[in-house]
Structures are given as C-alpha cells and as structure tokens.
Undergrad: 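Okay, handing you the structure first.
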Amino acid sequence: MTVAMCRGAVPCVMDKVLVIDFGAQYAQLIARRVRECHVYSEIVPHDTPVAAIVEMRPSGIILSGGPKSVYEPGAPRVDAKLFDLGVPVLGICYGQQAMAQALGGEVGHTGIAEFGKTDLRVTEPNAVLFVEAPTEQTVWMSHNDAVVRPPEGFVATASTAACPVAAFEDRERGLYGVQFHVEVSHTPKGLDLLKNFLYEACDLLPSWTMTSVIETATEQVRSIVGDEKVVCALSGGVDSSVAAALVHRAVGDQLTCVFVDHGLLRAGEGEQVEETFSRHLKMNLIHVKASDRFLENLSGVTDPERKRKIIGETFIRIFEEVARDEVDDAKYLVQGTLYPDVIESGTKDAAKIKSHHNVGGLPDDMRFELVEPLRNLFKDEVRKVGEELGLPEEIVWRQPFPGPGLAVRIIGDVTLERLEMLRAADAIVVEEMKRADLLRDIWQSFAVLPAVRSVGVMGDERTYGHPIVLRAVTSEDAMTADWARLPYDLLERISNRVVNEVPGVNRVVYDITSKPPGTIEWE
C-alpha cells in the first residue's frame, strides 16, 4: 500500500508552539490547553535534535512535566542550544528543573515534598507570566525536587512555603519556568498564566479556530486529490463521519463512502448513518448490510480477541469486494486518524492504516494513498469541526463505541437473540441518560450482557433470565476512568424499564469498578 499523507489542517506557515514531551501524559494536556487559547501546538519527543526543532520554525516552546528526577540515571535532558534560538521557552515542573540544570542553575531536594493544592505568592507582580494575576493564588504541585538556585540572569518571581523558586524568568532571553502545573484545572489561574506566555512572551494572536481549520483542510484535500476519486470506509463513528464530511466539502461527488453494516450497532444507528450521509448530506453512499455474514463467522466464538479478529477480517474482505466492484478507480482512501493516534503510534507507525475495528489493516495490495484531514486534531476539536460542518448531534456527540460493536459487550457466544436483547437494553440506557441530560457529561454509558442466567420472580412465577450490567464512567482521555455516581432515581428507572421491557432479562446490576484496576469495556 502506498501512502501520501494529507498532513491535516495546519499550513506550514502558521504560528505554532512546540511542546517537548518528557513523559507522564502531561504533554498532551499542555498541547490541548494551548489550543484552547486558540494557538496551534504540536508535541515532539524530548530527544528531538535542536536542528530539527529549528526546521519546524516554532514561535514558542514548552518543556513539559515528567515522572523522573533530573538527577536519575537516564533522565531526559535539554540541549542548552535550545535556549539560544531566540524563541521564548516555558518550562513546567520537570521542564523548569531541566531548564535550570541545562543553564547552570541548581536543582535539589528541598526536604519537603509538595503534592496537591499549594498556596503560591507572587514576589514579582510585573513578571510576564503574572501580568494582571493575583499575588496570592492556589496552584497544583507534584514534586520532590525543586530549583534551589536559578541560573545566572534569572529572577525568582513566585514562591511557596517549601519552594522559594516556584517560578522564575529571564525576560531578556524570553525564558520562563514554573514548578507547578499550569495545565491542570486544579490551578485555577493556570490558563491565564499560559495565555500570558503565548500572547505576551511569544507575541502570538489567538487566530487558530475551527473555522480556519476547516478552510485550510479543505484547500489541502483539494490540492492533494485533484480530480481523482476517493473512497471512505464509513463506520458511523465520530472520526470517520467528520473526516468524510470534511473531504466531501472539498471534493464533492469524487467521494464515495462505503458503510459496512455488520449488524452489531446500537438501535437505529445503521438507519441514522444512511439518513445523514445519503439523504441529508447527499453523499455517494454504499450501504452494505452484512449482518448475516458477520453472525455466521462469529457463531460459537466466545473469546473477545477472536471476536475482534473475525470482525476485522470480515470487514476488510467486504470492503475489499465493494472497493473492487464499485469504486475500483478510486486512488485515495479517507482515514479518520486523530492526533493522539499519531503521537501514540510514533512516526515509524504513523503511516499504518488503523481499521475502525482496531485490528489489522487493509491489505497491502490495495493501492490507495491516504488522506487524513483530522490527523492534527484532538477528539474534542473533531467534535467542534463536526458541528461546524452541520453533522447531527447524535453523530458528533456519539460516545466512544468499540469497532466490533455489541459483539464485545456480549460476554459469550454472539447470537441474534442476544444481540436483540442487548440492543433493546442499551437503547433504554441511552434514552434515560439523554432524558437526565447526562449523555455529554459521561464518557461512556452502556449495557453489557453476560451469557449467564440467574433466578428471579416476576409476578407469581419463577424466572430464569439474563442479567444486564450497566456501565457508566467518567474520564478525560480513557487512560483512566472512574465509575459515574449516577442518581439513584435514574438507576431505578433504567432497572425498572430494562426488566419490564426487555424479554429474557430479570436483573440489572451496576458496575462500580474504576480503571484501573478494571477496564472501561468488559472484554
């Protein structure tokens, strides 16, 4: 398979801030906060050579936090040449310590660790980061080490009881550092400090908006695709739907969407995809109804990994058949790759096709070149783009849903009877969550059907029916999750409706396991 990347929605000349990643998930959160300030940001590994950073032409650089001590063997370091580029640099937590160490300052154990909310006192009210900021504020600390002596030319600008150099600056060189985390919500004024760095220190304007993203991506897709035909494997999920809508805006009828309906979707979703893309958006849509083929291939299979593999392979074969018979002359394939996919896979894997079933990829002999208009965006940004493009709320704000669909929410053999049972129960969960106005506040809320039975009593009769497990979690990025504290009356309504309205179910239980130690899905 050949690959010609559409590098997303950001022109090379646009102002950008580079976030240098020292680990521990901080970098992604920092990059997202920068974008919330309407400034484009990218993440690069800590070992990126300074020469490569120069080629990226950043308008600002942020050194992220990290899990290590700067004195640990193998701890990531900063090349001091980075600070001679004439580009403003902000070091956060570990990033501040790495900056101080690289420039001849001293980092050490203060004897008192700080974790959690801490009172900060601004000692230099005219410092760039603290323009119009209160002199007393709460910040979020997470450190054992701290800067005990700033490098030459730096001035301490804030302190805490245990950290005399909680912030410093060398205004002349445009170098700034803070020991606390400005990117977390537990630092209430953190976003204001970040804006001061972006707008005051870097002299940037808040010009990166979803409107500009759409316009730029549209132009890029047109310039890459030209008059060639494009095909999109549409799943109905947020990513592929927004990518398809964006490419359709750029090239119109040159795009054909292939929707392989495996019959494992939630209630009404297959019809919704056809209504939205074929009738509403007037796209060329091939709706392949293949539930019988998927169910036949899944018959007797209980292992969740085997289910994923079978569903992925079946999807690939069907898509391959349709692409050959219906759109054989298409040159480009639309892929809903997002920025976290690019970061997590690394550059050597960034060209790999990520099937929406999360297994395998398309065959190597399919001569498509990739168009990835969302590869520079986070999930929340993709939703905003979808709204701007006029996609319905049900698609834009669809909760994360596994590519293998309900097959992996049935713990055991997948049969038509169990699918219908789970689909009906899940529809009640969705309806009641929506009625309670909680659907957007919850990361995921869904029903699970274990293929076991338990005794119950309905009326005067003994029953032997299936339980339904209700799962609802809160999360920011799915890396960790906590079980949602749903109101008791909502739980009661869901339970009563499921037991009374779904034949074969006589019990509802609520999963109160966080991640870790559990996972969000049950498979």
Undergrad: Within a strict 4.5 Å, meaning less than it, do heavy atoms of the Tyr40 and Asp15 side chains meet?
TA: no
Undergrad: Do the side chain of Asp21 and the main chain of Ile43 share a donor and acceptor less than 3.5 angstrom apart?
TA: no
Undergrad: Where do Val473 and Ile442 land on the side chain to side chain contact (heavy atoms under 4.5 Å, CB included) test, with the steps shown first?
TA: CA-CA 6 Å; Val473 298; Ile442 301 296; 5.7 Å; no
Undergrad: So do the side chains of Leu129 and Thr157 get within less than 4.5 Å of each other, counting heavy atoms only?
TA: no
Undergrad: Has Arg375 got its NZ or CZ under 6.0 Å from the middle of the six-membered ring of Tyr339, at an angle within 45 degrees of the ring axis?
TA: no
Undergrad: Is it true that a side-chain atom of Asp170 and a backbone atom of Phe154 form a donor plus acceptor pair closer than 3.5 Å?
TA: no
Undergrad: Is there a side-chain contact between Tyr332 and Val247 (heavy atoms, below 4.5 Å)?
TA: no
Undergrad: Just checking Glu136: does its CD atom have more than 12 heavy atoms from other residues, nucleotides or ligands closer to it than 6.0 angstrom?
TA: yes
Undergrad: Checking side-chain polar atoms at under 3.5 Å, does Gln444 have a donor or acceptor matched by the opposite partner on Glu521?
TA: yes
Undergrad: Look only at the side chain of Lys307 and the backbone of Ile410, and say whether a donor-acceptor pair between them is shorter than 3.5 Å.
TA: yes
Undergrad: Do any N or O atoms from the side chain of Arg471 and from the backbone of Ile520 form a donor-acceptor pair under 3.5 angstrom?
TA: yes
Undergrad: Donor-acceptor pair, Ser241 side chain versus Gly237 backbone, under 3.5 Å?
TA: yes
Undergrad: So which atom in Val238 and which in Ile395 form the shortest heavy-atom distance, rounded to 0.1 Å?
TA: CG2-O, 3.3 Å
Undergrad: Mind running side chain to side chain contact (heavy atoms under 4.5 Å, CB included) on Thr187 and Phe180 for me, showing each step along the way?
TA: CA-CA 8 Å; Thr187 299; Phe180 53 92; 4.3 Å; yes
Undergrad: Which pair of heavy atoms, one from Arg249 and one from Leu389, lies closest together, and at what distance?
TA: CD-CD2, 3.8 Å
Undergrad: If every non-hydrogen atom of Leu90 is compared with every non-hydrogen atom of Met99, which pair is closest and at what distance?
TA: C-CE, 4.3 Å
Undergrad: Between Pro76 and Tyr94, which heavy-atom pair has the shortest distance, and what is it?
TA: O-OH, 2.6 Å
Undergrad: Look up atom CD in Glu72 and atom CG in Asp145, then write down how far apart they are to the nearest 0.5 Å.
TA: 8.5 Å
Undergrad: Taking C-beta and beyond as the side chain, do Leu18 and Ile62 meet within less than 4.5 Å on heavy atoms?
TA: no
Undergrad: Sub-3.5 Å donor-acceptor pair from the side chain of Ser212 to the main-chain atoms of Thr209, do we have one?
TA: yes
Undergrad: Stepwise, does the side chain to side chain contact (heavy atoms under 4.5 Å, CB included) test hold for Leu449 with Ile411?
TA: CA-CA 6 Å; Leu449 175 62; Ile411 313 305; over 6 Å; no
Undergrad: Can we say Glu200 and Lys195 salt-bridge, meaning some charged N sits less than 4.0 Å from an Asp/Glu carboxylate O?
TA: no
Undergrad: Got more than 12 heavy atoms from elsewhere within 6.0 Å of CZ, Arg440?
TA: yes
Undergrad: Is there a side-chain contact between Leu491 and Val508 in this structure, where contact means two heavy atoms from C-beta onward sitting under 4.5 Å apart?
TA: no
Undergrad: Nearest heavy-atom pair of Gln101 and Val107: which atoms, and what distance?
TA: N-CG2, 4.5 Å
Undergrad: Check the pair Arg308, Glu523 against salt bridge (Lys or Arg N to Asp or Glu O under 4.0 Å), reporting the backbone distance first and the verdict last.
TA: CA-CA 10 Å; Arg308 283 185 174 272; Glu523 44 70 73; 2.9 Å; yes
Undergrad: Could you tell me if the side chain of Leu374 sits less than 4.5 Å from the side chain of Leu246, heavy atoms only?
TA: yes
Undergrad: Distance from Trp208 atom CH2 to Ser41 atom OG, nearest 0.5 Å?
TA: 7.0 Å
Undergrad: So for atom CG, which belongs to Asp437, do other residues, nucleotides or ligands contribute more than 12 heavy atoms lying within a distance under 6.0 Å?
TA: no
Undergrad: Provide the closest heavy-atom pair for Pro340 versus Leu377 in the form atom of the first, atom of the second, distance.
TA: CD-O, 3.8 Å
Undergrad: With rounding to the nearest 0.5 Å, note down the distance linking CG in Leu191 to CG in Leu198.
TA: 9.0 Å
Undergrad: Can you check salt bridge (Lys or Arg N to Asp or Glu O under 4.0 Å) on Glu36 and Arg33, steps first, answer last?
TA: CA-CA 5 Å; Glu36 286 177 22; Arg33 293 292 183 257; 2.8 Å; yes
Undergrad: Tell me, yes or no, whether the heavy-atom count around Lys189 atom NZ, taken from other residues, nucleotides or ligands under 6.0 Å, exceeds 12.
TA: no
Undergrad: Ignoring hydrogens and angles, tell me if any N or O in the side chain of Glu219 forms a donor-acceptor pair with the backbone of Thr216 under 3.5 Å.
TA: no
Undergrad: Checking the side chain of Arg485 only, and the main-chain atoms of Trp483 only, is there a donor and an acceptor separated by less than 3.5 Å?
TA: yes
Undergrad: Show, in sequence, the C-alpha distance, side-chain angles and deciding distance for Leu82 and Leu63, and conclude whether the side chain to side chain contact (heavy atoms under 4.5 Å, CB included) test is met.
TA: CA-CA 11 Å; Leu82 184 75; Leu63 311 179; 4.0 Å; yes
Undergrad: Are more than 12 heavy atoms from other residues, nucleotides or ligands located less than 6.0 Å from atom CZ of Arg306?
TA: no
Undergrad: Measure the CZ-CD distance between Arg171 and Glu169 for me, rounded to the nearest 0.5 Å.
TA: 5.0 Å
Undergrad: What's the verdict on side chain to side chain donor-acceptor pair (under 3.5 Å) for Ser240 and Ser235, showing C-alpha distance, side-chain angles and the deciding distance?
TA: CA-CA 6 Å; Ser240 70; Ser235 69; 3.1 Å; yes
Undergrad: Identify whether the distance between the nearest side-chain nitrogen and carboxylate oxygen of Lys384 and Glu381 falls below 4.0 Å.
TA: no
Undergrad: Do the side chains of Phe378 and Arg35 get nearer than 4.5 Å, heavy atoms only?
TA: yes
Undergrad: Does a side-chain N-to-carboxylate-O contact under 4.0 Å join Glu42 and Lys16?
TA: yes
Undergrad: Whether the side chain of Tyr199 engages the backbone of Cys37 through a donor-acceptor N/O pair (distance < 3.5 Å, no angle test) should be reported.
TA: yes
Undergrad: Going by the angle between their ring planes, with limits at 30° and 60°, are His46 and Phe22 parallel, tilted or perpendicular?
TA: parallel
Undergrad: I need the Arg398 CZ to Glu393 CD distance, nearest 0.5 Å.
TA: 14.5 Å
Undergrad: So, Trp522 and Asp511: side-chain donor and acceptor under 3.5 Å apart, yes or no?
TA: yes
Undergrad: Quick one: pull up CE in Met433 and CD1 in Ile494 and give me the separation to the nearest 0.5 Å.
TA: 6.5 Å
Undergrad: Any donor and acceptor pair, going by atom type alone, linking the side chain of Tyr176 with main-chain N or O of Ala167 inside 3.5 Å?
TA: no
Undergrad: Any non-hydrogen side-chain atom of Phe368 less than 4.5 Å from a side-chain atom of Gln335?
TA: no
Undergrad: When you compare the side chains of Asp482 and Thr474, does any donor N or O come within less than 3.5 Å of an acceptor on the partner?
TA: no
